[in-house]
**Student:** 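The structure that follows is given in the form of structure tokens.
One-based numbering, in listed order, for ligands and for the atoms of each. Keep in mind the model is a prediction, meaning the values are calculated, not measured.
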Amino acid sequence: MLKTGAEIFWECVVREGVEVVFGYPGGAIMPAYDAMLNYPIHHVLVRHEQGASHMADGYARASGKVGMAMATSGPGATNLVTGIATAMMDSVPIVCVTGQVPAHLIGGDAFQESDITGITLPITKHNFLITSADQVAEVVSEAFYIAQSGRPGPVLIDFCKNAQVEKAEYTPLSEPHLPGYHPPRHAPAADLQKAVDLIAEAERPVILAGHGVLKSGAMDELMTFALKTQTPVAMTLLGLGSFPASHPLSLGMMGMHGEAYCNNAIQQADLLLAFGMRFDDRVTGNLRTYAPRARKIHIEIDPSEIHKNVRVDVPLVGDLKTVLGDLNPLVGPGDHEEWLDQIAEWKEDTVQRDILAWPDDGKIYASHVIRDLWKFTNGRAVVTTDVGQHQMWAAQYYHLEQPYRFLTSGGAGTMGFGFPAAIGAWFAHKDREIWAIVGDGGFQMTMAELATAKLQGANVKIVILNNSYLGMVRQWQEFFFEKRYSAVYLDNPDFVKLAGAYGIPARRITECSEIQDAMRFAQETPGPVLLEYVVEMEEAVFPMVPAGADLDAMLRRPIRRAAAVAGD
Ligand SMILES: Cc1ncc(C[n+]2csc(CCOP(=O)(O)OP(=O)(O)O)c2C)c(N)n1
């Protein structure tokens, strides 16, 4: 059947199961936008293309499906770049489609021409340039397959205007044919046996659970392994939710802002079991002194991650769910009582330093607000964050019992991610509570999407933790630059009035007694609601491993007692 390239494109996209596309039109993508009207696609008109890529990302993280963003050529395409880089660093499957000038004009500096395939080459899993209509069906099917298979990631399709308009024969394709691309599933049996031997010998094992657990859906297999071998589970920032926070074997988050008992356990371990994680520098600290006594088993789908940062004893390259499924029947039951007792002792010290043990001094601390939100939502909401101090407090105090509930930019650390990602997550789960926890700095980077949230009726609750600073940078200046504050003070707009201009109900909270009342107001009010918490300006995130320092050289959270409060 003869169809235009734009029609073939939407035929294929609908066949991939896409229902919602986040985007912004312009000249080079107009034929595709025109054809879209004839297909069952809900298009979300954003206010800046960065918002579209973050919404597609939030949708993908929350749903496990591929998120889709669309923009025009030139500035439209380059505005997507931060969101693409964010998705790449965190292995999130999104497909971004950009209009491109007609094929015969490429290379001639045509109006709104930019070499977006060149620009995004290092920040996409793969990208395509469509120059004629007969390429469309194959490209779309390959793009979706590549985005979600193996180690997921963003794929970009640059779609020349002539290819959208021209006609070509369309026959639906089944599986894409990609001869050089075979994501591994099972690890070799001989390697599994080596791992089994190391596990049997270990006295102080620790599991390092990363984003790969969630990506591969290996939560049950992780639980089976941990219980059978009695191995405690430390999680990366993106691994949070892969193992229930309240489980006795949970060590919470590892790394720069991980709890001391977790980092101590890693440093004292004799075996590390890295499951779908990549030994990021925020996790390891100084590599020369990282887990010096531990042998290491690394289960990972991407072979390029093996030995990249940390040399391991047994690499198992394959899909984590599959490999753990193979491994679990082979490992013997473990008994590490002494080791678990030792960790419990370290944990006791942390409990004393926890904010739950702080006396009430009438001040609003950002960490208190997050703890209260956790209590208020029974830990069951989908929480997105921006980047900075509030992100780390959210990771520490919004204890997750379930997977796919914590959406945050870990690898790229992209300010401006949290709010649009929450809108994307709402499209994935309209039945769930969605809370965006953002800093006053990061929120201002993508707050134009207030219009999108309002017009779409997105039931997203925004919590701005307003400390009038670029808090995390301020903290580093306090600790490492002798408190010489440079370009971190924020003279903020009136966020409540701002929300009002968009027709969004809002409240400013300045008293502790109002913290939860405001949350109730937000919960009971349909659609987007903005809560601005005016919090202590100079609170610091503890513990903290200074960048590049030894993992156990932590700056600890001070113990706060009632008597000490007066001088606090
Ligand atoms: C796009 C972008 N620009 C700059 C940074 C560097 N950076 C990391 S945290 C931070 C401060 C964030 O401030 P705010 O959003 O107010 O959150 P807070 O740390 O106060 O919770 C900055 C500037 C970044 N991560 N992303």
**Student:** List every atom of ligand 1 that sits less than 4.0 Å from any heavy atom of Gly471, numbering the atoms from 1 in the order shown and giving each element.
**Tutor:**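 The atoms of ligand 1 under 4.0 Å from a heavy atom of Gly471 are 13 (O), 18 (P), 19 (O), 20 (O).
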**Student:** Is there a heavy atom of Val387 sitting under 4.0 angstrom from any atom of ligand 1?
**Tutor:**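 Yes, Val387 has a heavy atom closer than 4.0 Å to ligand 1.
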**Student:** Give a yes/no on ligand 1: does Gly413 have at least one heavy atom closer than 4.0 angstrom to it?
**Tutor:**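 In this structure, Gly413 qualifies as a contact of ligand 1 - some heavy atom is under 4.0 Å.
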**Student:** Is the charged tip of Arg507 near the ring of Phe521: under 6.0 Å from the six-membered ring centre and within 45° of its axis?
**Tutor:**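 Yes, a cation-pi geometry.
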**Student:** Would you say Leu490 and ligand 1 have an N/O pair spaced under 3.5 Å apart?
**Tutor:**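 No, Leu490 has no N/O under 3.5 Å of an N/O on ligand 1.
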**Student:** Looking only at N/O atoms, are Met472 and ligand 1 under 3.5 Å apart anywhere?
**Tutor:**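 Yes, Met472 has an N/O under 3.5 Å of an N/O on ligand 1.
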**Student:** Say whether Asn467, considering both its backbone and side-chain N or O atoms, lies within less than 3.5 Å of an N or O atom on ligand 1.
**Tutor:**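 Min N/O separation from ligand 1 is below 3.5 Å for Asn467.
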**Student:** So, for Phe427 and Phe22, is the gap between ring centers shorter than 6.0 Å?
**Tutor:**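 Phe427 vs Phe22: aromatic centres under 6.0 Å.
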**Student:** Any nitrogen or oxygen of Met445, main chain or side chain, under 3.5 Å from a nitrogen or oxygen of ligand 1?
**Tutor:**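 In fact, backbone or side chain, Met445 has no N or O that close.
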**Student:** Would one find an N or O of Gly442, backbone or side chain, under 3.5 Å from an N or O of ligand 1?
**Tutor:**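 Yes, there is a polar N/O contact under 3.5 Å.
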**Student:** Can you run down the side-chain hydrogen bond (donor to acceptor under 3.5 Å, both in side chains) pairs that involve residues 369-384, sequence neighbours left out, and say none if there aren't any?
**Tutor:**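 Those involving residues 369-384 are Thr377-Tyr398.
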**Student:** Give a yes/no verdict on whether any heavy atom in Val473 is under 4.0 Å from an atom of ligand 1.
**Tutor:**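 Right, Val473 reaches ligand 1.
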**Student:** Around atom CZ of Phe481, are there more than 12 heavy atoms of other residues, nucleotides or ligands at under 6.0 Å?
**Tutor:**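 No, the 6.0 Å shell around CZ holds no more than 12 heavy atoms from other groups.
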